[in-house]
J.: 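A single structure is presented below for examination.
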Amino acid sequence: MTDITSLRPLAAVLVSAFAVVPILASTGRPNVREGWTVLAAVCKLGLVASMVPAALRGDAFVTDLGPFVPYVEFTLRADALGLLFALVASLLWLVTSFYSIGYMRGLDEHGQTRYFAAFAGSVSSAVGVAFASNLIVLYLFYELLTVATYPLVAHDETDEARAAGRKYLAYTFGGGVAVLAGTLLVVHLTGTAAFSAGGIAGLASADPTLARLAFALLVTGFGVKAALMPLHSWLPDAMVAPTPVSGLLHAVAVVKSGVFGVSRVLLDVFGIDLVAELGVGGVLAAIAAFTLLTASVIALRQDNLKRRLAFSTVSQLSYIVLGLAVGGAAAAQPGDAAKWALIGGLLHIPAHAFMKLTLFFCAGAVHVETHTDDISDMAGIGRRMPLTMGAFAVAAAGMAGIPLIAGFVSKYFLLVGTVSGGYVVFTAALLVSGILNIAYFWPVVYTAFFETPERSDEKPLVEAPLGGYFGTATRADGGQPNGGRGASSHADGNSDSGHDHDGGWTRYAPDGSESTWFMLGPILFAAAGSVVLGVVPDAAVFLRIVREIVSAATVMGVVL
Amino acid sequence: MDALVPPFVPVLLAALLLPFLGRKAGHALGILSTATVVPYVWFVADGAHLPVKLFGFDAVLFNVDPFSQLMGVIFGFIGAVGVLYSYASDAENLQTAFALGYVGTSLGAVFGGDWLTLIFFWELMAVTSTLLVWHYGGRAVRAGFRYALLHGIGGTLFLGAVVWHFAETGTFLFGSVPGGPETAGLAGSVAPVLAGLGVGVNVGFIGLHAWLPDTYPRPHVAASVFLCVYTTKTGVYGMYRVFPQDGNVAVAYMGGAMAVFGAVMALFQNDMRRLLSYHIQSQVGYMVAGIGIGSTLAQAGAFAHVFNHILYKGLLFMTAGVVIYRTGEESLKKVGGLAREMPITAGAFTVAALSIAGFPGFNGFVSKGIVIAASHYDFGYGPLAFGGRTTLEWLLLVGGVGTFMSFIKFGYYAFFHGNYEGTVEDANRLQAVAMVLVAALCVVYGLLPNALFAVLPFDVTSKAVVSHAYHTYTVSHIQEGIILAVAGLVGFALVKRPLSGIHHVPDLDNAYNPLTFRATRVLVVAVTELYAVVDRVVVRATSATVGVVRAPDEAAGRLLGEDRRSLRADTSASILLVVVMLAVAVILTTIL
């Protein structure tokens with residue numbers, strides 16, 4: 001565990017912030033402007049990635065900028081946990097940058113310069129959150145992130161967008177206040193706010209009630225962006241933003257800064273042993289379990305695809321929080337329960353990022369190409385956009401925890417962790433949530449590929465008659481006449497209306513002609529990423545980083 | 001033990017390539033990839049295994065023991081026949097690709113040497129089979145969704161069981177695999193229950209079975225041939241892994257009950273494939289009973305029945321498929337007298353029907369006989385034993401009578417009763433090849449039971465291995481078979497008239513589908529409306545607060561019913577305010 005003094009963490013944070021200037025200066029020359037974005041994204045990814053090998057050895061790059069406020073140094077430190085978040089954010093920013101080009105130009109959006117500038121600023125803040133070495137610096141970047149993303153949420157400049165923006169600010173700044181209060185309390189109790197592996201030493205000897213209060217304040221504050229219920233309602237409203245924003249920020253960078261804050265608090269401020277001792281892990285886990293179930297139930301009723309995805313995000317973020325919280329609650333137990341739960345929770349950060357980014361990208365591509373936003377209008381759309389909806393199906397399966405895709409692996413670790421720790425209720429919540437995911441994602445998949453506009457169930461299914469399209473006509477049992485499926489349909493599959501009817505959509509071959517490669521490339525990359533994470537998570541560097549974090553955080557010191 | 005290729009690899013590769021090939025080339029590749037599995041798994045050494053690390057856990061992707069070997073041989077064979085039949089029945093390449101995906105993942109499941117690999121492929125099997133159903137469109141879509149949900153629940157329960165087992169033992173490996181735990185099966189008290197229920201969905205436990213008749217009649221006729229084989233039989237195999245030793249009494253009785261329930265329900269059906277679907281439940285009941293009894297004789301019988309059942313049930317769905325393919329009718333009431341029009345199909349059907357009913361000389365007779373013998377010699381008497389036979393034995397025998405009755409019904413109405421108006425062609429050449437090939441095997445394994453015994457995990461003819469050496473063709477066995485057949489004939493003659501008046505017999509899903517649906521709707525609406533109310537209140541309160549801060553005088557005015565009220569304080573009022581505040585502060589500090 002050595003700290004290597006280097007400017008790399010600072011450079012990684014600032015490179016996209018500096019890019020804001022040339023981006024703003026290149027208004028009117030879109031190709032140059034986007035060139036700056038891509039250049040900054042490549043540099044940022046390169047800088048972040050260059051620090052990963054050291055983190056895997058347990059070392060960390062540190063930039064120390066001297067005293068910031070009393071008690072607090074302005075220090076950026078790229079440890080394994082920070083790099084996990086920074087790597088996800090910077091890799092996916094690069095991908096999203098290409099996608100943004102396709103999306104914004106495809107819709108001929110206004111204010112593109114402001115959009116790309118704010119985007120660069122947001123990612124800077126997100127990486128700042130990742131590399132902050134103490135609560136104060138973390139707080140600073142956490143609030144900067146809110147500010148930088150506001151123009152993106154309110155991008156449309158409609159009343160609805162402005163209202164969503166105001167709500168967004170009210171919730172997240174409110175959360176910021178709680179974070180600040182909690183931070184000050186921690187400083188008051190221990191005289192420091194600096195993160196330390198295994199927790200700040202002084203906190204263990206502090207007054208338990210005040211320590212619990214500090215925990216509650218910090219987790220509530222970060223819980224706003226982590227969309228823990230009942231603090232989640234800004235997130236579905238923020239879906240009014242352009243889809244790349246919903247994708248990168250409201251499924252990856254912003255929401256995960258909340259989750260990341262929670263993990264810092266649990267692992268590096270309190271330490272999982274103290275969390276177990278204070279008995280706060282179980283409470284947090286209960287809130288997370290409640291959130292992940294309730295959000296899934298609400299998702300069942302959403303017809304707007306982006307809103308359904310937003311509630312899915314609310315639900316999936318709580319998988320991460322649940323893993324962290326159970327890791328905290330189980331720390332006192334013998335065995336590896338805490339280890340499994342933490343691995344599951346932390347691995348779900350990249351896993352969910354890849355899958356949910358795919359889903360949002362698909363929703364955005366469908367919007368650009370066909371201006372379809374509601375699931376009930378999507379019957380047969382798989383014929384029009386085969387690659388897009390194929391990627392959607394893959395990522396949706398991952399959300400439900402189907403094997404081969406990232407979601408299975410992290411869910412598996414979470415299940416092992418909760419069962420080994422004896423938290424059967426949380427195991428049940430995770431299992432039920434998997435079924436609910438099937439219930440709200442499969443209809444999107446089957447309507448896209450296997451239904452036609454003339455013959456399709458009403459969506460959302462819970463609002464429609466039982467049995468769907470055919471349920472209203474005849475009973476679906478033996479000996480019934482079978483709706484025009486005559487001999488000819490069997491002898492000649494091509495005449496069957498269930499098969500080749502184009503049903504209002506022009507059929508496109510799955511060769512990329514359905515959209516631009518600016519959008520399809522990112523979609524396929526993100527989908528492929530979620531499959532790689534699901535099949536060989538060790539080869540993808542993320543699981544190795546996660547194991548490194550967990551072995552540093554658990555006192556067992558077992559080499560995983 | 002390096003360079004072993006798990007058998008699912010060629011099949012899944014073929015599945016991936018199929019959409020990009022021509023119909024002929026694609027299906028030829030499909031047949032080749034599945035057919036090679038048969039000799040490959042047969043000749044690979046027993047005990048061969050391929051250890052890997054899956055997510056950092058020890059796993060075994062290719063585990064060869066007598067059980068997985070038997071499953072691999074028959075899965076590969078019927079897969080090849082199914083692809084041939086698909087080609088002959090005008091299936092699209094994409095559908096056959098889904099089917100091969102389903103075959104490949106099933107092979108992955110049965111050759112897994114650990115629970116992690118098993119559940120991994122188990123869940124993928126649920127997905128690929130759902131796609132196979134969905135591909136047909138129309139009614140199949142919603143049925144496929146119900147299927148996916150139920151199998152999602154089943155897979156989830158099984159996954160839970162596996163995780164519990166891991167928490168108990170610290171390993172996922174099977175007991176029989178090198179490095180595995182001491183005892184086979186699932187450890188602890190929770191895991192076997194969860195697994196029993198989860199696998200119970202796949203094998204069609206009564207109560208968890210309604211997906212079978214709901215789903216299997218709806219997709220393409222060739223898709224049904226695949227569906228009727230893999231899900232339930234992988235389920236039986238999974239059930240064996242869960243209860244590898246000494247079985248489980250409750251599972252055994254569930255098997256007996258399934259045998260009766262499925263056969264009785266089948267009797268009421270007129271949709272051909274729906275009737276056959278109930279018979280899957282009934283026949284799987286014999287296998288489940290065998291696993292539940294748990295002796296070597298019973299397990300050998302169960303797996304022998306798996307092997308035979310795949311042959312004759314695949315054949316039955318092929319013959320029903322040809323009838324539907326040629327006539328376009330799904331219901332027995334719409335067809336009749338087809339024996340004259342379609343002699344090959346009628347012949348193949350007769351062989352399959354006699355096999356499933358367990359008539360002497362056909363393969364079902366052999367394997368069903370082993371299970372019944374095990375229920376006689378290796379199982380407790382139970383509550384309803386009489387006539388020197390155990391309760392379970394009676395259940396299995398009654399199920400046999402029911403089977404005879406419903407297949408007499410099927411054959412009578414489809415092929416012999418009345419005359420078919422107009423002309424119908426018989427099966428096309430390749431369909432006929434597929435059917436005759438399988439029909440021949442049904443007869444071969446019936447007449448030469450030793451050929452069947454050679455593939456079984458235990459030698460059922462050796463007194464050293466099983467409790468009671470089994471001899472197929474004894475006088476009492478043949479007598480039993482013929483009595484069952486006669487009872488079936490008499491029974492059908494008795495119920496034929498009342499039966500024709502029955503049109504629809506509700507199953508459990510007629511109750512739980514609307515119930516689940518309505519309950520979900522109530523829950524969803526309640527939750528969303530509650531959240532909407534909370535959100536509205538919060539938003540209103542926030543905007544009210546903002547209003548107060550922004551324009552306090554207007555807010556005060558609203559409170560007092562005036563336009564606006566000046567909140568400006570003059571000097572004396574200010575002093576008064578300060579004094580009051582100070583007084584309050586002093587009082588508070590003294591109290592505290």
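For the numbers below, each heavy atom of this structure counts, side chains included, while hydrogens, waters and symmetry mates do not. All chains are named by letter (A, B, ...) in the order of the sequence lines, taking the proteins before the strands, and each is independently numbered beginning at 1. As the structure is a computational prediction, the values presented were derived from the model and not from experiment.
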J.: If I measure from the heavy atoms of chain A, does B/Val190 come under 4.5 Å with its side chain, its backbone, both, or neither?
T.: neither

J.: Quick check on A/Ile298 against chain B: is it the side chain, the backbone, both or neither that has a heavy atom closer than 4.5 Å?
T.: both

J.: Answer with side chain, backbone, both or neither: which region of B/Pro514 has an atom nearer than 4.5 Å to a non-hydrogen atom of chain A?
T.: both

J.: Could you tell me which portion of B/Val127 (side chain, backbone, both or neither) has an atom closer than 4.5 angstrom to a non-hydrogen atom of chain A?
T.: side chain

J.: Of the backbone (N, CA, C, O) and the side chain (C-beta and beyond), which part of B/Tyr531 lies under 4.5 Å from a heavy atom of chain A, both, or neither?
T.: side chain

J.: So for B/Phe268, is it side chain, backbone, both, or neither that comes closer than 4.5 Å to the heavy atoms of chain A?
T.: neither

J.: Please classify the contact between B/Phe172 and chain A as side chain, backbone, both or neither, with a heavy-atom cut-off of under 4.5 Å.
T.: side chain

J.: Under a 4.5 Å heavy-atom cut-off, does chain A meet the side chain of B/Phe120, its backbone, both or neither?
T.: both

J.: Chain A heavy atoms under 4.5 Å from B/Val162: which part of the residue, side chain, backbone, both or neither?
T.: side chain

J.: Let me know if B/Leu94 has heavy atoms under 4.5 Å from chain A in its side chain, its backbone, both or neither.
T.: neither

J.: Name the region of B/Val505, side chain, backbone, both or neither, that has any atom closer than 4.5 Å to a heavy atom of chain A.
T.: neither

J.: With a 4.5 angstrom heavy-atom cut-off, could you sort out which part of A/Pro230 is near chain B: side chain, backbone, both or neither?
T.: neither

J.: Checking side-chain polar atoms at under 3.5 Å, does B/Asn270 have a donor or acceptor matched by the opposite partner on B/Tyr413?
T.: no

